[in-house]
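For reference, the structure discussed in these notes is given below.
The basis for the numbers below is simple: all heavy atoms, side chains too, and nothing from hydrogens, waters or symmetry mates.
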Amino acid sequence: MQAQPIVEAELIGHANSVPASGPPPLVEFRGVSKWYGPVIGVNEVDLELGSGITGLLGANGAGKTTLIKLLAGQLRPCLGEVVVCGKRAWSASAKSHVGYCPDADVFYEEMSGRRFVLTMARLHGFSGRDARDRTERALAEVGMSDRADRRLRGYSKGMRQRIKLAQALVHEPDILVVDEPLNGIDPVGRRELMDLFRGLAERGKSLLVSSHILDEMDTLADRVVFMGRGRVLACGTLREIRDMLDNHPLHLRITSDRARDLAARLVQWDLVRGVELRQTGDLAVQIHRPNEFFRRFGDLVLDEGLEIERLQTTDASAGAIFDYVTQEARKI
Amino acid sequence: MAIETLGYRGWSGALRWPWLACWPIVRTGLWLVLRRKVFWLLLALGLFNFLLHFAIIYTKATISVENPRAGRFLDNFRVTGTGEAYLDFMFAQGTVTMLLLAFAGSILVGGDYQQGGLVFYLSRRIDRRHYVLGKLLAIAAIVLMITTAPALALFLEYGMLSSSLDYFLENPRILLGIVGYGLLMAAVLSLLLGAIASWVHRAVPLVMIWAGIFVLLPVLGENLRHVRDNRLWRLLSLWRDLRMLGKSFFGSLRVERDEPELAYWAAWIVPAVCLVCLLLLVRRVRAVEVVK
């Protein structure tokens, strides 16, 4: 299938580039395409993942789960290859490096959490005592040691998610792939899971977390991969991606004691595309080249002795950026 | 590129051969089945037949000691000790096996597809071959548990209660017959159940299909045999086909008039059924890739 010339290639190319001196990527997607009969799951994906938390974002049907299954070795690509730590993703040696936490949250309901994790450890090839030790460690890691003897049937959604994480961690993988972990979890549970993910990342694990709940990714993910219609639309840190969206000026909200004076000064700058003085006294400012703007704005504040009560970007969240990226993709 | 050159730490765990992962799959399968009370009920039903035979052997041995002539008289009946007796016993155990498997299919295999458990298996260091073999072995274990293990126990009991241990030396073919017939049933039934349960996940439809194969088809075959006056219609009974093939493991047993011809066709039908089941199973396991 012929790849379309894409505007987002700039985004992808920029974000994917790995410095020559940096560590090699843990995961590489090289020209990967996957079809399900006439339906395309992912389309010519080139992607590299390193350490830290990577958020995989996209609407339903964007190709997130297919991408994750390709990485977890559950699917083989029709074209290209997926390489995990130098091994093909579907090989047994690659699976040793990957812990997969699928979105399906039902399994053998009669089993206890401990038995489930132990079974998964044994399936991985660990012998009796080793499997038991690893099970206990994994359960302790997700904070389920004291509740692991209860049946899965009686677990809350959050507890099931933890047990699934435990089975994914039981063989101490380098890469943890988590599919839609925040679905159906209450805010407290979400926060606990996000803390758990951060803790794992701090301990050197690489996490790929897929979600269509964009808000959490602002604080959770070190970098994000936006997907749409089976393609990687953009990838990098949110700020990197936002900076590259030239067609969409950054929206700022500024609250100052001298809002009118500030508006008069800002409107003269070529970096500023629009200024609106709102009834609340706030300024709504649209800008280009944020780095340059913030440097000049800092100088202005110091020179004029302005008191700035609030300086807030209103469209730099994962959700807003995803909307922009999707709009750009639709233009192709 | 070697992983060491990429700077990643090597895998330090001592992992077992992937084919050994079949064992935890079997254990998990059996654990799931034996947790249900209905299975213990069916097992008890199978055990009842076993205990009956066990008691007959014991009684016969006791009577033979007390009165050898009465013992020789009892030898005229093929309830114990002979190849036919073990064949009949295993055939009779089949009823319980059928019932047990009908309910076990959805738990052992269907649930993995219905509830999405397959992804957990395949995320480990095993692939579809190991998974399929593990599941088939779990089903086979149930079949062997109901048919072969009790038959072997009876064989052992009969030999131990005989006047000498020569029974074991004189009847190696019976031992071969028990094991061979048991393995044949285990292989065919596991493939059949595995294939059906992978496509029909829910218990009720599965039981209906199972009943159709093992109850309706034999009845249909018998009726068609009378209507069409063609004994080949009896081959619609897969359980009978298995029995005819299983008989060959026991050596020279008494055969019915039309049995050699039917056995010939059964020798084609049973492998063909296995092949179709295997193809269905492989197709279904591959079809897991399809996202709905």
Side-chain angles (χ1 to χ4, degrees), chain A residues 23-26 34 36-37 39 41 61 63 65-66 69 72-76 83-87 90-111 115-116 118-127 130-131 134 164 167-168 170-172 174 177 179, chain B residues 1-37 107-108 110-131 134 285-292:
Chain A
L26 286 160
K34 176 71 186 174
Y36 302 109
V39 180
T65 299
T66 299
K69 285 191 172 180
Q74 304 257 321
L75 298 179
R76 289 191 188 200
V83 179
V84 176
C85 299
K87 312 278 183 185
W90 56 85
S91 66
S93 51
K95 285 182 178 179
S96 291
H97 292 278
V98 179
Y100 178 42
C101 182
D103 60 343
D105 73 338
V106 278
F107 199 54
Y108 298 129
E109 297 287 317
E110 299 88 354
M111 262 189 191
R115 190 181 184 98
F116 174 52
L118 180 64
T119 302
M120 291 297 122
R122 288 203 168 125
L123 278 175
H124 203 82
F126 296 113
S127 56
D130 200 10
R134 284 171 180 274
K164 281 197 295 178
Q167 66 83 30
V170 77
H171 58 288
E172 296 181 30
D174 299 306
V177 183
D179 197 1
Chain B
M1 191 185 295
I3 189 167
E4 291 77 14
T5 61
L6 291 171
Y8 303 120
R9 62 186 171 80
W11 180 254
S12 56
L15 298 174
R16 296 187 298 179
W17 196 37
W19 288 103
L20 290 178
C22 295
W23 175 231
I25 296 175
V26 172
R27 277 195 356 179
T28 305
L30 291 177
W31 181 84
L32 287 168
V33 167
L34 296 177
R35 280 187 61 81
R36 311 287 169 108
K37 284 176 186 166
I107 295 170
L108 279 174
D112 291 344
Y113 296 90
Q114 196 180 351
Q115 300 178 330
L118 190 56
V119 293
F120 288 100
Y121 285 109
L122 297 183
S123 66
R124 319 318 304 186
R125 288 179 67 254
I126 59 172
D127 59 31
R128 290 170 168 81
R129 293 168 303 162
H130 307 117
Y131 166 79
V285 172
R286 280 186 181 165
V288 168
E289 292 192 2
V290 175
V291 174
K292 290 177 182 171

Please round to the nearest 0.5 Å and tell me the distance separating atom [atom1] of [X] and atom [atom2] of [Y].
| X | Y | atom1 | atom2 | value |
| --- | --- | --- | --- | --- |
| B/S123 | A/H171 | OG | NE2 | 7.5 Å |
| B/L122 | A/K69 | CG | NZ | 9.5 Å |
| A/M111 | B/R35 | CE | CZ | 9.5 Å |
| B/R36 | A/E110 | CZ | CD | 4.0 Å |
| B/F120 | A/T119 | CZ | OG1 | 12.0 Å |

For the student: nearest non-hydrogen atoms of A/Q74 and B/R128, plus distance
O-NH2, 3.4 Å
For a quick test of reading the model, state the closest non-hydrogen atom pair linking B/R125 to A/K95 and the distance between them.
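That would be CA-CD, 4.3 Å.
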Check the pair A/Q167 / B/R124 against side chain to side chain contact (heavy atoms under 4.5 Å, CB included), numbers first and verdict last.
CA-CA 10 Å; A/Q167 66 83 30; B/R124 319 318 304 186; 2.7 Å; yes
B/I126 versus chain A, the contacting section by heavy-atom distance below 4.5 Å
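Looking at B/I126, backbone and side chain both touch chain A.
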Taking side chain as everything from C-beta outward and backbone as N, CA, C, O, which of these in B/W23 sits under 4.5 Å from a heavy atom of chain A? Side chain, backbone, both or neither.
neither
Measure A/V170 against the heavy atoms of chain B and call it side chain, backbone, both or neither at under 4.5 Å.
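Just the side chain, heavy atoms under 4.5 Å.
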